[in-house]
Trainee: 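Once you've had a glance at the structure underneath, I'll fire off some questions.
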Amino acid sequence: MSEVLNAADIFGKNVFNEKVMRQRLPKDVFKKMKKTMEDGAELDPSIAGVVAHAMKEWAIDHGATHYTHWFQPLTGVTAEKHDSFISEPTAEGKVFLEFSGKELIKGEPDASSFPSGGLRATFEARGYTAWDCTSPAFLREDACGVTLCIPTAFCSYKGEALDQKTPLLRSMQAIDAQSLRILRLFGNTTSKRVVPSVGPEQEYFLVDREKYLQRKDLIYAGRTLFGAMPPKGQELEDHYFGAIRDRVGAYMRDLNIELWKLGVTAKTQHNEAAPAQHELAPIYDQVNLAVDHNQMIMETMKKVAGRHGMTCLLHEKPFAGVNGSGKHNNWSLTTDDGINLLSPGDTPHDNIQFLLVLACILKAVDVHADLLRESAADVGNDHRLGANEAPPAIISVFLGDQLEDVIDQLCSTGVATHSKQGGTLQTGVATLPDLDQDVTDRNRTSPFAFTGNKFEFRMVGSSDSVAPANVVLNTIVAEAFKEAADELEKAADFDAAVHDLIKRLFQEHRRVIFNGNGYSDAWVAEAERRGLPNIRSMVDAIPAITTEKAVKLYEEFGVFTRAELESRAEIEYESYSKIINIEARTMIDMAGKQIVPAVVKYTARLADTLNAVRSACPEADASAQKDLLMETSALLAEMKQALNHLIQVTDACSKMESKAQAHAYHDQVVPAMDALRAPADQLEMIVDKELWPFPSYGDLMFEL
């Protein structure tokens, strides 16, 4: 029987949170720190030394020997450099443990060793990490011991953003300032801040570690590059929300404990649609913390899986033929005194503030659909978006029957007089209570769906940071709010002006509203008729961030400079090319060194069998053996030809550069990879199991 676990006792145990600060900091220092965290005020440098000392003493009391500035460069993972608390030895050979305010506030990693897209040359090495005091420091326990992790931003020597956090914090400032302008128009003088809140759901796969290590594609690429579907996939839908297997349950329990210690509000866990697929969802938090926590979740998932003899796969499409993984980014706007700007109330038709906010968001999504699509662009997501498992690559907004009806009233008559109300759902069973029925159903095919008091952006890939998506959402909505406030603040008759503005925005941007089936071919045709963009691949999405429209948007709100945007585009093209190159070369290696030898061995065995039959009994019908040998040989020949072609196009593309290289990999190498995989997967269905060189889909997804 497992030990009794009380989540409340361990939650936040390894976090330098407000409770710890209140206990360890002088009252005046604590008040200044709290003001900085709550009001977004600049950190008073005079208190840094006191905070650093208290943080060090707390960390040492918990066994820490080192500290690190934990940051999020544009590699897709986090980075850190560890320094011990040990100071210079004294004449007696003793050392003191020190940690200064200067060391807390600033670190200096090598900026030229991280992706910079040309912002930093190889010989220009200096870069800085700057403490983000709005995200609490935490302790990480692993094979290195206990390490004090200080969440930081990462910028170049000249101040350019080289990370995910810096533009996110900038976008938070933008949406805060413009949201307050909207609130002030409606007479709200008490709210001091508006902060985006996010709850990112995280999907993942678990596979046996020993089987994982037998597959070079999983090791190098994070996904299977070869693999025939097993007889059973997810057709019966028996895995979704099904009983959690003991081995997975033990993993989930351990994962929860580790996350709760870190102050991550891991709330929901369940089996997802595909075999071996699962999901974890935290409680909503302000976006900066939510982004940091999601990075912690992904790191902790991988670490804990190893303890249980498993590997956690975060790739968007580890297995062809079954659902891939994403993370739904649930986004809303909340004031410091608890007002949710996206709450429609019981009668949204007469909630003018909500209708203005909604109209502005529709405008933002319509005008900047390309940016929103680009924020979810990565190589793995090219395998998901547009398939019948994830949102289509077309950006649309689901509002539901109630809100769409209100908009129809406003657009047709100029006045909304009523709101549809939910009814009572009768189960027909006497012992079951009648249920309050929601006004609107949910739509899982929509990429941007309103779900009561938030929008769920469902396009983000499972391995991605959620920072880029929230940078876009914050900034484009800030722009829409600004333009609305600019107009309304000058109006002589506010009530008439806001009514006219809401009606106009709904009329101009209602084309982006779609409540139907986003998976249907009919929607693709309808979206084209409406003029909505359908950006199908990462390489086609990247240009959105360097258009004049995007540059103007980001520079106006100080989120990105033109140089920062151009550098990010360069990094994304380079990343695409590198990942496809790795996948292609992994396929070449596996095909040439594993699959082809296995098939040759199998054909030799078939030939020997055929000869033996003919020798023993010349009159015997050996047509089956002959047909099988011919089929196998034909597939082997097709595979060898495809392998040679893949080698050729991969070598040719590797000599190209930047945008042209990324497009060449997309247009030439990816189809060549598909052409190599097709005969290989057919051969897997023919060749003896004992000869096939690595575990099958069935082995990986069902034998855990």
Side-chain angles (χ1 to χ4, degrees), residues 173-196 331-369 397 399-421 439-440 450 452-455 473-513 549 552-553 556-557:
Q173 292 179 169
I175 191 70
D176 175 33
Q178 302 308 319
S179 297
L180 286 175
R181 291 180 67 191
I182 297 295
L183 290 175
R184 299 294 184 255
L185 285 167
F186 288 91
N188 182 331
T189 59
T190 55
S191 298
K192 297 178 181 178
R193 289 188 72 199
V194 176
V195 180
W331 179 88
S332 63
L333 294 171
T334 309
T335 67
D336 58 316
D337 49 356
I339 301 171
N340 187 334
L341 274 64
L342 290 172
S343 178
D346 294 331
T347 55
H349 69 279
D350 59 14
N351 188 340
I352 306 302
Q353 178 179 295
F354 167 76
L355 290 176
L356 177 62
V357 168
L358 179 63
C360 287
I361 292 174
L362 281 183
K363 173 185 177 181
V365 173
D366 188 21
V367 171
H368 296 290
V397 179
L399 293 180
D401 295 338
Q402 184 189 58
L403 293 181
E404 188 171 29
D405 178 64
V406 170
I407 292 172
D408 287 342
Q409 293 178 58
L410 284 168
C411 291
S412 60
T413 67
V415 180
T417 60
H418 62 275
S419 300
K420 289 183 177 180
Q421 299 298 315
V439 179
T440 294
F450 186 73
N453 60 2
K454 57 183 169 45
F455 276 100
L473 283 170
N474 294 345
T475 311
I476 64 177
V477 174
E479 180 189 57
F481 282 175
K482 177 183 182 300
E483 292 171 352
D486 287 346
E487 180 175 336
L488 294 174
E489 285 170 354
K490 295 182 292 187
D493 184 341
F494 173 76
D495 291 340
V498 72
H499 177 274
D500 291 344
L501 176 59
I502 291 170
K503 178 183 176 182
R504 186 176 79 242
L505 291 179
F506 282 145
Q507 288 175 332
E508 292 176 354
H509 302 288
R510 66 184 303 182
R511 68 172 186 166
V512 80
I513 300 173
K549 179 184 68 170
K552 178 180 179 295
L553 166 76
E556 179 178 6
F557 292 100

Trainee: Tell me, with the steps shown, if Gln353 and Leu183 meet side-chain contact (heavy atoms from CB on, under 4.5 Å).
Mentor: CA-CA 8 Å; Gln353 178 179 295; Leu183 290 175; 3.5 Å; yes
Trainee: Please find out if less than 6.0 Å separates the ring center of Phe494 from that of Phe186.
Mentor: yes
Trainee: Would you confirm whether Asp176, through its side chain, and Val195, through its main-chain N or O, come within 3.5 Å as a donor-acceptor pair?
Mentor: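 Side chain of Asp176 to backbone of Val195: no pair is present.
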Trainee: Would you confirm whether Thr335, through its side chain, and Ile339, through its main-chain N or O, come within 3.5 Å as a donor-acceptor pair?
Mentor: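 Present.
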Trainee: Could you tell me whether Arg510 and Asp366 make a salt bridge, using a distance below 4.0 angstrom between a side-chain N and a carboxylate O?
Mentor: no
Trainee: Would you mind reporting whether Glu508 and Lys363 have side-chain heavy atoms less than 4.5 Å apart?
Mentor: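 No. Closest side-chain heavy atoms not under 4.5 Å.
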Trainee: With heavy-atom distances below 4.5 Å as the criterion, would you say the side chains of Phe450 and Val397 are in contact?
Mentor: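 Sidechains of Val397 and Phe450: no contact.
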Trainee: Establish, from distance only, whether the side-chain atoms of Ser191 and Asp337 form a donor-acceptor pair under 3.5 Å.
Mentor: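 Present: a donor and an acceptor within the cut-off.
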Trainee: Is the side chain of Thr413 donor-acceptor paired with the backbone N or O of Val415 at a distance under 3.5 Å, no angle test?
Mentor: yes
Trainee: With rounding to the nearest 0.5 angstrom, report the CD to CD1 distance, Glu479 to Ile175.
Mentor: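 Those atoms lie 11.0 Å apart.
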Trainee: If you measure from CG on Leu180 to CZ on Arg193, what distance do you get to the nearest 0.5 Å?
Mentor: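 With rounding to 0.5 Å, CG (Leu180) is 9.5 Å from CZ (Arg193).
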Trainee: Is any side-chain heavy atom of Leu501 less than 4.5 Å from a side-chain heavy atom of Leu505?
Mentor: yes
Trainee: Hey, is CG on Asp493 packed in by over 12 heavy atoms from elsewhere, all under 6.0 Å?
Mentor: yes
Trainee: How far does CD of Gln402 sit from CD1 of Ile407, to the nearest 0.5 angstrom?
Mentor: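 Reported to 0.5 Å precision, the distance equals 11.0 Å.
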Trainee: Looking at CG of Asp405 and CG of Asp408, how far apart are the two atoms once the value is rounded to the nearest 0.5 Å?
Mentor: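 Separation between the atoms: 6.0 Å.
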Trainee: Take Lys482 and Glu556, measure what salt bridge (Lys or Arg N to Asp or Glu O under 4.0 Å) needs, and give me the verdict at the end.
Mentor: CA-CA 11 Å; Lys482 177 183 182 300; Glu556 179 178 6; 3.4 Å; yes
Trainee: Are Arg504 and Glu487 close enough, and set up right, to give a side-chain contact (heavy atoms from CB on, under 4.5 Å), and what steps lead you there?
Mentor: CA-CA 13 Å; Arg504 186 176 79 242; Glu487 180 175 336; 2.9 Å; yes
Trainee: Does the side-chain contact (heavy atoms from CB on, under 4.5 Å) test come out yes or no for Val406 and Ser419, once each step is laid out?
Mentor: CA-CA 6 Å; Val406 170; Ser419 300; 3.9 Å; yes
Trainee: Please find the pair of heavy atoms, one from Gly345 and one from Asn351, that lie closest to each other, and give the distance.
Mentor: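 Smallest interatomic distance, heavy atoms only, reads N-ND2, 4.2 Å.
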Trainee: Indicate yes or no: at least one non-hydrogen side-chain atom of Trp331 is less than 4.5 angstrom from one of Ile361.
Mentor: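 Yes - at least one pair of side-chain heavy atoms lies under 4.5 Å apart.
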Trainee: Using modelled atom types only, decide if a donor and an acceptor are shared between the side chain of Asn340 and the backbone of Thr334 within a distance under 3.5 Å.
Mentor: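 Not at all, since once roles are kept as given, no pair shorter than 3.5 Å links the two residues.
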Trainee: For the residue pair Ser343 and Phe354, establish whether any side-chain heavy-atom pair is separated by less than 4.5 Å.
Mentor: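 Side-chain contact under 4.5 Å: no.
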Trainee: For Ile476 versus Ala364, what's the shortest heavy-atom pair and its separation?
Mentor: O-CB, 3.4 Å
Trainee: Is any side-chain heavy atom of Cys360 closer than 4.5 Å to one of Val477?
Mentor: no
Trainee: Within the 4.5 Å heavy-atom criterion, are Pro196 and Leu473 side-chain neighbours or not?
Mentor: no
Trainee: Where do Ala485 and Leu185 come nearest, in terms of heavy atoms and distance?
Mentor: CA-CD1, 4.1 Å
Trainee: Would you check if there is a donor-acceptor pair between the side chains of Gln178 and Arg181 at a distance under 3.5 Å?
Mentor: yes
Trainee: Say whether, by atom type as modelled, one donor and one acceptor occur between the side chain of His349 and the main chain of Gln409 under 3.5 angstrom.
Mentor: no
Trainee: Test Lys503 against Cys411 for side-chain contact (heavy atoms from CB on, under 4.5 Å), laying out the working first.
Mentor: CA-CA 6 Å; Lys503 178 183 176 182; Cys411 291; 5.6 Å; no
Trainee: Looking at NE2 of His368 and NZ of Lys549, how far apart are the two atoms once the value is rounded to the nearest 0.5 Å?
Mentor: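 One gets 5.5 Å once the value is rounded to the nearest 0.5 Å.
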Trainee: Is any side-chain heavy atom of Leu342 closer than 4.5 Å to one of Leu358?
Mentor: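 A side-chain contact is absent here, since even the closest heavy-atom pair is not under 4.5 Å.
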Trainee: Working to the nearest 0.5 Å, report the span between CD1 of Ile182 and CG of Leu333.
Mentor: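 So the CD1 of Ile182 and the CG of Leu333 are separated by 11.0 Å.
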